[in-house]
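Here the structure is laid out as structure tokens; the discussion comes afterwards.
Here the structure is a predicted model, which means the values were calculated and not measured. The residues of the chain are indexed from 1 along the displayed sequence.
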Amino acid sequence: MFSTAVASACLTVLQWLLWLTAGLLLLLLVVQSLRGDADAQPVTTAVMAVAAGVLGWMFGAAGRRLAAR
């Protein structure tokens, strides 16, 4: 019971951290495009932001599912 609650809390924290990472990557994308950074890789940064967002959603869903057990 206690381990399930800890695992659910850890998954929820991981969800928020991944969403924060996705937001920061999107902010980086905007700043690099405004500065006209020639070495920027916008496609790679956008893919990483989307991946972090999707992983955050998946870990959040797993945490909610674990808490409902």
Side-chain donor-acceptor pairs under 3.5 Å in residues 34-58, sequence neighbours left out?
{"residue": "Asp37", "atom": "OD1", "partner": "Asp39", "partner atom": "N", "Å": "3.3"}
{"residue": "Thr45", "atom": "OG1", "partner": "Gln41", "partner atom": "O", "Å": "3.0"}

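Between Leu29 atom CG and Leu25 atom CG the span is 8.5 Å, to the nearest 0.5 Å. For the atom pair Leu14 CG and Phe59 CZ, the distance stands at 5.0 Å (nearest 0.5 Å). The line from OG1 of Thr21 to CG of Leu26 is 11.0 Å long, rounded to the nearest 0.5 Å.
The environment of Arg64 atom CZ is dense: over 12 non-hydrogen atoms of other residues, nucleotides or ligands sit within 6.0 angstrom.
Residue pairs meeting the ring-ring contact (aromatic ring centres under 6.0 Å, His included) criterion with at least one member in residues 12-36, sequence neighbours excluded, are Trp16-Trp19.
Contact detail for Thr4 and Leu66: the closest heavy-atom pair is CG2-O, 3.6 Å.
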